[in-house]
Amino acid sequence: MPPIFFKQRMKRTKIAEILRTEPVNTEVVVKGWVKAFRNNQFIALNDGSCAANLQVVLDFENADPALVERIRFGAAIGARGLLVESQGKGQRVELKAAEITVYGDCDPEQFPLQPKKQSLEFLREHAHLRFRTNTFAAVFRVRHALAFAIHKFFNDRGFYYLHTPIITSSDAEGAGEMFRVTTLPLEKIPHTENGDIDFGQDFFKRPTNLTVSGQLEGELGALALGDIYTFGPTFRAENSNTTRHLAEFWMIEPEVAFADLTDNMDLAEAMLQYVCNYALEYCADDLKILEDRLVEEEKAKPQDQRSPMSLTDKLRFVVENQFERLTYTEAIEILKNSNPNKKGQFQYPIEGWGADLQSEHERYLVEKHFQKPVILTNYPAAIKAFYMRLDEPRAGVPGPTVSAMDILFPGIGEIVGGSQREERYAMLVEKMQAMHIPEAELDWYLDTRRFGSCPHAGFGLGFERLVQFVTGMGNIRDVIAFPRYPGSAEF
RNA sequence: GCCUCAUUAGCUCAGUUGGUUAGAGCGGCGGACUGUUAAUCCGUAGGUCCAAGGUUCAAGUCCUUGAUGAGGCGCCA
């Protein structure tokens with residue numbers, strides 16, 4: 001059935017604007033999706049512009065029964081009419097419909113969603129429709145706000161947004177397994193005379209992959225533009241099956257010239273506080289929905305496993321309190337003397353200095369010992385990447401360390417990983433040789449250290465982990481529209 | 001990749017030591033009501049119990065294998 005267009009063409013007004021300005025006694029047009037149709041009379045209409053619905057009141061006694069029949073949960077409709085003060089409780093204004101248009105019918109027998117609570121797992125399998133739910137609409141509005149806030153934060157501080165390549169020929173970044181990019185025919189891969197794959201016939205005439213990090217290219221930009229940041233998709237072909245890993249995710253990587261590790265920590269902390277505060281300020285309604293959802297979800301858990309703070313309290317806490325900063329060496333001391341370590345409750349007991357921290361250790365520090373975000377610094381050089389700056393030896397520190405920092409958040413774990421970069425050419429080359437990083441492939445990177453090198457620092461922020469923290473969603477697959485993970489690339 | 005748990009109606013779930021015809025709420029459909037707030041009330045239909053094999057007089061229930069999902073771990077952001 002073709003839609004009946006409004007005789008009098010009027011621009012539609014977004015529900016967010018109507019509820020903000022409440023233009024009572026004016027005629028408005030709204031268009032959206034039916035969230036509920038009560039009593040053959042009251043339509044709860046949502047157009048995605050905000051969490052709240054607008055109540056559209058139908059004069060059902062004089063309405064065409066064939067039209068009323070089509071007003072179903074999920075249908076796309078338009079309504080023209082006078083905005084009036086609501087007679088009922090629960091909303092201040094409502095729209096007295098003079099005309100209703102059905103744009104898209106929604107057959108309740110076919111439509112997978114229902115006007116009730118549905119499991120996140122079910123909705124994940126219907127990811128193309130889950131935007132229609134209150135929870136996911138809220139998540140994606142918050143996700144947008146956070147992305148915007150990040151751009152605003154950096155732009156306001158004179159950073160340049162640098163677009164680093166998504167296809168890269170460098171496989172020396174050391175940040176994990178990569179996805180190969182090729183146009184070679186997989187059913188008939190060409191080989192050279194000595195039996196190697198003949199990449200000379202490939203599109204780029206060399207092996208290429210999807211990027212695992214824009215950092216090295218970002219450094220090149222920073223060493224001329226001063227302060228840059230990247231914000232783009234990142235790909236890891238790791239077989240990771242957890243609630244905080246994706247094969248395709250978005251990462252923010254600022255890089256700052258003439259900056260040391262402390263500057264780096266200050267920047268990361270200020271940014272995280274800024275964007276959390278932005279969400280509190282601009283996403284109050286959506287955060288309320290997510291907070292209530294979390295409360296419901298936690299009712300199923302035993303008392304001692306429920307989070308002590310509500311979602312917005314948690315965000316306020318991050319905004320208002322300084323992060324705890326301590327060195328790896330200090331953290332090891334705390335962990336060694338901790339109750340769970342003494343009682344043998346850690347799956348991986350703390351033996352001593354030098355071992356990488358497991359997530360149970362990070363969780364203990366963040367959730368039990370400090371109960372606030374923690375920045376760990378100056379890790380052993382042996383467990384960190386080649387480009388991190390070697391520290392001067394310090395008293396009481398058993399081995400060489402680098403100017404690395406990881407920011408750990410409650411419930412999320414590592415949300416930021418960064419470092420001051422090794423700007424000294426000789427030191428960097430020595431490190432690359434020790435770690436078997438092919439110098440020839442990164443000659444362009446080494447040029448920055450040959451010509452006008454300077455101290456600089458940067459970090460990587462996992463955007464989805466940030467969205468998880470702010471929305472309280474437990475699974476990272478629920479904060480990205482169409483998650484990619486091992487065995488899954490649907491939609 | 002490893003470990004644990006799950007899979008029963010469209011959705012969320014119950015189903016006792018293996019025992020007759022597998023249940024509920026929501027949703028659907030039919031009707032009533034008409035200022036409702038996931039409206040309410042009455043009626044009604046709806047099932048290859050994930051798949052394949054096995055044990056047994058008898059399997060939704062026990063065993064084996066596989067698939068899918070969830071959580072934890074590792075890798076990391």
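A, B, ... follow the sequence lines: proteins, then strands. Residue 1 opens every chain. In this text the structure is predicted, and so the values were computed from the model without any measurement.
Each salt bridge (Lys or Arg N to Asp or Glu O under 4.0 Å) pair with one or both residues in residues 266-278 of chain A, not counting sequence neighbours, appears once here: Asp266(A)-Arg325(A), Glu269(A)-Arg325(A). Every pair passing salt bridge (Lys or Arg N to Asp or Glu O under 4.0 Å) that includes a residue from residues 477-486 of chain A is listed here, sequence neighbours excluded: Arg124(A)-Asp478(A), Arg130(A)-Asp478(A).
Residue side chain Ser240(A) reaches the base of rC75(B) through a donor-acceptor N/O pair under 3.5 Å, judged by distance alone. Remark: the Gln91(A) side chain and the rG35(B) base include no donor-acceptor N/O pair separated by less than 3.5 Å.
Straight-line distance from the CZ atom of Arg38(A) to the C1' atom of rU34(B): 14 Å, rounded to whole Å. Asn40(A) places its CG atom 15 Å from the C1' atom of rC41(B), with the value rounded to the nearest Å. Distance CZ (Arg236(A)) to C1' (rC75(B)): 10 Å, rounded to an integer number of Å. Following rounding to the nearest Å, Leu246(A) (CG) and rC75(B) (C1') show an atom-to-atom distance of 14 Å. Residue Lys384(A) contributes atom NZ, which lies 7 Å from atom P of rA77(B) at whole-angstrom precision. Distance Asp105(A) CG to rG28(B) C1': 17 Å, rounded to the nearest Å.
When the nucleotides rA77(B), rG72(B), rU34(B) are ranked by their closest atom to the side chain of Phe60(A), rU34(B) comes out on top. For Lys89(A), whose side chain is taken as the heavy atoms from C-beta onward, the closest listed nucleotide among rC75(B), rU36(B), rU37(B) is rU37(B). The Tyr348(A) side chain lies nearest to rG74(B) when the options are rG35(B), rC76(B), rG74(B).
With respect to the salt-bridge test (charged N to carboxylate O, under 4.0 angstrom), the residues Glu177(A) and Arg236(A) do not qualify.
With sequence neighbours excluded, the residues that form a side chain to side chain donor-acceptor pair (under 3.5 Å) with Asn62(A) are Asp59(A). By the side chain to side chain donor-acceptor pair (under 3.5 Å) test, Ser419(A) is found to be paired with Arg421(A), residues two or more places apart in sequence or in another chain being considered. Every salt bridge (charged side-chain N to carboxylate O under 4.0 Å, His left out) that Arg143(A) has, sequence neighbours left out, goes to Glu464(A). By the side chain to side chain donor-acceptor pair (under 3.5 Å) test, Asn341(A) pairs with no residue at all, sequence neighbours left out. Listed by chain and residue number, nothing satisfies the salt bridge (charged side-chain N to carboxylate O under 4.0 Å, His left out) test with Glu253(A) (two or more places apart in sequence, or in another chain). Arg132(A) meets the salt bridge (charged side-chain N to carboxylate O under 4.0 Å, His left out) test with no other residue; sequence neighbours excluded.
Look at Arg124(A) and you won't find any side-chain N or O under 4.0 angstrom from OP1 or OP2 of rU68(B).
Nearest-nucleotide positions on RNA chain B place Tyr485(A) closer to the 5' end than the other of Tyr485(A) and Trp250(A).
Atom OH of Tyr160(A) sits in a sparse spot, with 12 or fewer heavy atoms from other residues, nucleotides or ligands closer than 6.0 Å.
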Q | Which nucleotides of RNA chain B pair, in dot-bracket form (Watson-Crick or G-U under 3.5 Å, | meaning another strand) | A | (((((((..((((.....[...)))).(((((.......))))).....(((((..]....))))))))))))....
Q: Heavy atoms under 4.0 Å is the rule here; annotate nucleotides 3-8 of chain B 5' to 3' with B where the base is hit, S where only the sugar-phosphate is, and - elsewhere.
A: ------
Could you write out each protein N or O paired with an N or O of nucleotides 12-14 of chain B at a distance under 3.5 Å?
{"unit_1": "rU12(B)", "atom_1": "OP1", "unit_2": "Ser119(A)", "atom_2": "OG", "d": "2.9"}

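A stacked arrangement is assigned to Phe249(A) and the six-membered base ring of rA77(B), with a centre-to-centre distance below 5.5 Å and an interplanar angle below 30°.
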Please table the atom pairs, donor to acceptor, closer than 3.5 Å between any side-chain atom in residues 81-88 of chain A and protein atoms at least two apart or in another chain.
{"unit_1": "Ser86(A)", "atom_1": "OG", "unit_2": "Gly88(A)", "atom_2": "N", "d": "3.2"}
{"unit_1": "Ser86(A)", "atom_1": "OG", "unit_2": "Gly88(A)", "atom_2": "O", "d": "3.3"}
{"unit_1": "Ser86(A)", "atom_1": "OG", "unit_2": "Gln91(A)", "atom_2": "NE2", "d": "3.1"}
{"unit_1": "Ser86(A)", "atom_1": "OG", "unit_2": "Glu94(A)", "atom_2": "OE1", "d": "2.8"}

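Using atom C1' as the reference point in both rG69(B) and rU8(B), the two lie 15 Å apart (nearest Å).
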